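Predicted, not measured: the structure shown is a model, and the values here were computed from it. Just so it is clear: chains get the letters A, B, ... in the order the sequence lines come, proteins before strands, and each one is counted from 1.
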Amino acid sequence: MTATDTASATELRNLGYGAAFTETLRQIMAEDEDVFVAGEDVGAAGGVFGSFTGLQAEFGPMRSVDTPISEQAIVGLGIGAAVSGLRPVVDLMFMDFVLVAMDQIVNQAAKLKYMFGGNTSLPMTITTNAGAGLSAAAQHSQSLEALLCHVPGLKVVMPSNSHDVKGLLTASIREDNPVVFIKHKRLLGQKGHCPEALFEIPLGRASISRPGDDLTIVTYGRMVSESLKAASVLAGEGVDVEVIDLRTLQPVDTDAIVASVQRTNHCVVAHEAVRFGGLGAEIASHVQEHAFDYLDAPVGRVGAPFSPVPFTPALESLYVPDAARIAEGVRSTLARS
Amino acid sequence: MTATDTASATELRNLGYGAAFTETLRQIMAEDEDVFVAGEDVGAAGGVFGSFTGLQAEFGPMRSVDTPISEQAIVGLGIGAAVSGLRPVVDLMFMDFVLVAMDQIVNQAAKLKYMFGGNTSLPMTITTNAGAGLSAAAQHSQSLEALLCHVPGLKVVMPSNSHDVKGLLTASIREDNPVVFIKHKRLLGQKGHCPEALFEIPLGRASISRPGDDLTIVTYGRMVSESLKAASVLAGEGVDVEVIDLRTLQPVDTDAIVASVQRTNHCVVAHEAVRFGGLGAEIASHVQEHAFDYLDAPVGRVGAPFSPVPFTPALESLYVPDAARIAEGVRSTLARS
Amino acid sequence: MEVTSEVLLDLHRRMVRIRRFEEAAGTLFENSEMPGFIHLYVGEEAVASGVCAALRVEDQVGSTHRGHGHLVAKGGDVSRMMAELMGKSTGYNHGKGGSMHICDLDLNMLGANGIVGGGIPIAVGAAFANKYKGSDAVSVVFFGDGATNIGAFHEAINMAAALKLPAVFVCENNEYGEFTPRRQTMAIDDVVDRAAGYGIPGVVVDGMDAIAVYEAATEAVARARAGHGPAFIEAKTYRYYNHHGVQTLGTKYRDDDEVARWRERDPITLIEQRMVALDIASTEELEATHRRIQADVDAAIEFAKSSPFPEPESLLEDVYTGGA
Amino acid sequence: MEVTSEVLLDLHRRMVRIRRFEEAAGTLFENSEMPGFIHLYVGEEAVASGVCAALRVEDQVGSTHRGHGHLVAKGGDVSRMMAELMGKSTGYNHGKGGSMHICDLDLNMLGANGIVGGGIPIAVGAAFANKYKGSDAVSVVFFGDGATNIGAFHEAINMAAALKLPAVFVCENNEYGEFTPRRQTMAIDDVVDRAAGYGIPGVVVDGMDAIAVYEAATEAVARARAGHGPAFIEAKTYRYYNHHGVQTLGTKYRDDDEVARWRERDPITLIEQRMVALDIASTEELEATHRRIQADVDAAIEFAKSSPFPEPESLLEDVYTGGA
Ligand SMILES: Cc1ncc(C[n+]2csc(CCOP(=O)(O)OP(=O)(O)O)c2C)c(N)n1
Ligand SMILES: Cc1ncc(C[n+]2csc(CCOP(=O)(O)OP(=O)(O)O)c2C)c(N)n1
Ligand SMILES: [Mg+2]
Ligand SMILES: [Mg+2]
């Protein structure tokens, strides 16, 4: 059932990002009895984003569990079940709610194996939905991946398209470590190529979404498509941009980044999260450290400004980074070389 | 009662870092009736680290409140009281417990003013104790400041000595925004000069702990004294290091950092927190962006490796950065220039 | 307790105001004239109205994601509310908060909250401040049945009890948390069964009967005001519309019958019948009230629609008091 | 319930093993021969022993910061325990966890936990796994009185009740959370008053009487094993020593009288009196048990002291399964 990273060219199957998530879950649950999903409204209702639709009908309420509104206990349920040999997928509806369960995620799940001297493993996937752009205001719009990437013991994944949803979710659930699998809410309806059969995209491996010679944009999640748009615009200006989609945010594929920058001599990191202290800071730091002599200009960073996410579309549209701001980031980086 | 940043030279008063904290609280509580402290065991027992000793005897149980073991409610108590015009100081015994209250801190305290369109202010100080080195294992040893510094709406402070404890705590409590005031557990008994009268060190302003010409170490908290030790060793090797003590981690005094690096042309950031995604990443990123043409070598970073904090002293001593590792970081940065 | 005709008229006005506001907001939302998510209070009007009629201005109100009703009941200005829901600069939060964070601190309404249970510890903090200052204000906090399963609820109510704070806890038990029936998420018949675990009195009231709610709230608030500590009120109620917005999309999670049964006991109809029967108001007078309030709501919509969006500069304002 | 002499002998051995182990650890700690913090179980032996005597190997045990007693009672190896407390590579956690994280997953002891309440959701997850797999194992979780004030406790016990999981909740009520008396942090007489709020049965037992604890645990475990869902046991007990370590430093927070009163009902003395009275064991036989167990503990200290510290290379091992 398992193919490798690149899907065969014969398949040209279009599927929504959210639908790819659901299909993948269904296929994995069919092949592995130890996999179950649990979370608020994931059972009978199929999840507030429809991500779990049909699973309870197919696999029953024990494998598709409606829980109380209890994020700490939901993650704890996953930890205890994982330590007991199951392979739970627990859902935290909005990424903002990760903060409610932060103790269980960071103090417990991430550290258990190490604290126990290796005497266990924790094959648990936490799924959640991040991102702004829906006028959902400051408590339903955050991109908090930087908080998780700083925590040894966690893996963090954020797919940018339907194909990667399938490959990364498969790898995440089969992974013997706690993984936080972050969807972007605004990508859920986005259609894209997605093979039917399960396959794994190895965690920790980036992909090149667009090859280019003049500058490397390192990005992930919804900013991949914005970066590609920016790249098109910039191509018209004679600038040939390479776009790297990190896919996995912890561990980061630093080799791929450094190799690219050594060739393009320029780098901009773009993410939707707040710029200050975001993952982009780590990447920019790493790049200047490992490709210092190759850099013709400082590594640029594009991210959200330093404020909570505003409700009104009038401000939110200014808040969320987009192709125009990424292109601007590229231009000002190139201007410094 | 209030003096300015620099204490007058006539005072040569030695006080412990923890004692400076207690003395400052007592003085502020005496001058401002709206200030109270609340937390686990802070009242009758004076806090598990003795940081609140004597306050209940002096100010009574309403201003020195023993709470249930309920970190979320403790922070909520502070938020609600602050919105109602008081100036609470709420204590989370160990910084690791910040994770238990993360929703109240990040989703509520940090965002309230902005979400409310400015119609409130939140003069609340959260005090806590961070750091490894006491064989307290993975859940009682973390340095999690990077998680907080990424959050718009919070201010974050971490003093390195008794004098700064007084000046920064005074400024934090008088500040009309939520501040997380982080002590380092291993500094609590450290004696140092501390004026008796209250004074404020403005938040967001770094200090130069040691002037130097060859390289700038940017650091804070307990790593300041380790950096100074490293600087002494390096002086013997003919390297003249400048040590910048950030004092406030959010907002960071980037001007001071950039000005120094423009002079020394070399920079190393050192902190006890995990290196990956730590505050050092933001600072290194910022420096390469704003002092690119001044840098003779990439910005180096010294921090904890990517693992939870081990219990056994045999491993913990290897885990926590120290003067030797900072000196090594300086040497390898200089070697690249 | 004697409930005067003034109180009945007051309760009725508050409820109609909520109903008219919510119906209007729902329509705007369904017509895509309103951004984001809204959680409507329609069906539950008797709870906020009954409780807030028992409060003074200085009493605080803690709220939830379903917060419009609480603000209207506390005396909120429907124009500024509607403007906020539409993201306009004239809104309560200058467009930065929207439905899930709407607040009026002058009325001591401490804000809707997007995190289930997240507002409870904050309201307890306000109760603490009341006691600290020696004021006799009481802090009242609303929350859903589902919210009583979350840790923040537990910690906050226990702290209020332990510190004997002037706080009243009002559970709006509408039997669902989003699409999941309450009984699947807790093994108790009544949410009020939880009160004893905190050592505070608890009472169940008919949440469709504004007078019953008012009576229970008056008693609990008086008790808290007198320094006897917190109390718990469970109001059995129902939301007519979907968890968010109006229409239920996707899986159907409630019987039409069930909805119909609750609608038969509509809180506004109930109080109107009572008022007519008691000769407190005629049908015509009641209709006039509806019309007058509808005019306010229409004006609010007009105000909101004609108000400007916030200026771009405001994006980075008010992150911190005193600037960054 | 008939409690056989085998059970009494078993309970006695477990308790003495805990006591001897803890006294030894306390001494090493006070002599600075042991790093970090330790929270001793002395005085509370009847609780862990009574509960664990009612369990099978496959039943899970969730624990707390005060976890040594739970592991000893579940059958833990005192040598590997002592080595862990001393940070040695031969310890249960190879020196990486220490007192606050000590565990034996082969015995299904899910680990001590440094976060108050943090172990409860995890134990509930194990209970879920039991039900999921169709196994009849039961997950039992210990926690202090103070822990019942934290959100994780509330969420986890409610979830266990809602999902009807095979879980037993054992509150070790020693009347203090660190230095703060329980009654200052909750407005209820008995912690068990909380059980009704989750819709599960609760019982108070004399936590100094191992037999009473054993009987209550046997009943609760049987019930859970049979698929009837969780139960709550409150064991009234007392810790003899300081919250951490042995001696109380700083402010005195308990009366000497109070300590003395509890010590008069020492759980080991109590069961020994009973055993002698019932002719189950002679004083000499009991003393022999003490000596035999003391020898085990002495050997454990010897083992721990002579064991090496972990190698530096292990610092970055076991962060992830399968390497970073
Ligand atoms: C911590 C958290 N978890 C989940 C949600 C998503 N959510 C929003 S409202 C809601 C249901 C709340 O149910 P209840 O408390 O009964 O209030 P009701 O909506 O019925 O008024 C949920 C699960 C949230 N906002 N916050
Ligand atoms: C979340 C959290 N808050 C605070 C602490 C500090 N702490 C450790 S033990 C303890 C007291 C626990 O009291 P209780 O649950 O009654 O257990 P006991 O120590 O009495 O056995 C506290 C407050 C902690 N470890 N975790
Ligand atoms: Mg509800
Ligand atoms: Mg206790």
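Side-chain contact between A/I79 and A/V75 is present, with at least one heavy-atom pair separated by less than 4.5 Å. A heavy-atom distance below 4.5 Å is not found between the side chains of A/V269 and A/Y220. Within the 4.5 Å cutoff, no side-chain heavy atoms of A/T216 are placed close to those of A/I257. The side-chain heavy atoms of A/L92 and A/V90, taken from C-beta on, include no pair separated by under 4.5 Å.
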Inset, instruction - Take A/E145 and A/H271 through the side-chain hydrogen bond (donor to acceptor under 3.5 Å, both in side chains) test and state the conclusion after the steps. - result: CA-CA 10 Å; A/E145 60 275 12; A/H271 53 56; 5.1 Å; no
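Per-residue counts of heavy-atom pairs under 4.5 Å with chain B were compared for A/I283, A/L295, A/L144; the largest is that of A/L295. Contact tally against chain A (heavy-atom pairs below 4.5 Å) for B/E289, B/M115, B/H286: the top residue is B/E289. Chain B forms more heavy-atom pairs under 4.5 Å with one residue of A/A291, A/A297, A/P305, A/G153 than with any other, namely A/A297. With respect to chain B, the highest number of heavy-atom pairs below 4.5 Å among A/M102, A/Q139, A/H150, A/R275 belongs to A/H150. Taking A/G300, A/P310, A/A146 one by one and counting their heavy-atom pairs under 4.5 Å with chain B, the maximum is reached by A/P310. Between chain B and the options A/D96, A/V100, A/V106, A/V299, heavy-atom pairs under 4.5 Å are most frequent for A/V299. Ranked by heavy-atom pairs under 4.5 Å with chain B, the first of A/Q72, A/Q250, A/Q108, A/R336 is A/Q250. Contact count versus chain A (heavy atoms, under 4.5 Å) is highest, among B/A304, B/A284, B/G277, for B/G277.
Using modelled atom types and a 3.5 Å distance limit, the side chains of A/S337 and A/H266 yield a donor-acceptor pair.
When heavy atoms are compared at a cutoff of 4.5 Å, B/Q142 approaches chain A solely by way of its side chain, counted from C-beta outward. For A/A138, the parts lying under 4.5 angstrom from a heavy atom of chain B are both the backbone and the side chain. Contact annotation for A/L148: neither backbone nor side-chain heavy atoms come within less than 4.5 Å of a heavy atom of chain B. Contact annotation for A/L147: both backbone and side-chain heavy atoms come within less than 4.5 Å of a heavy atom of chain B. With a 4.5 Å cut-off on non-hydrogen atoms, A/V151 touches chain B through its backbone but not through its side chain. Neither the backbone nor the side chain of A/F311 comes within contact range of chain B, judged by heavy atoms closer than 4.5 Å. When heavy atoms are compared at a cutoff of 4.5 Å, A/V309 approaches chain B solely by way of its backbone atoms N, CA, C and O.
The existence of a salt bridge linking A/E328 and A/R325 is excluded, since no basic side-chain nitrogen approaches an acidic carboxylate oxygen closer than 4.0 Å.
Rounded to the nearest 0.5 Å, atoms CD (B/E71) and CZ (B/F94) are 11.5 Å apart.
More than 12 heavy atoms of other residues, nucleotides or ligands sit less than 6.0 Å from atom CZ of A/F292.
A donor-acceptor pair under 3.5 Å is absent between the side-chain atoms of B/D176 and the main chain of B/P123, judged by distance alone.
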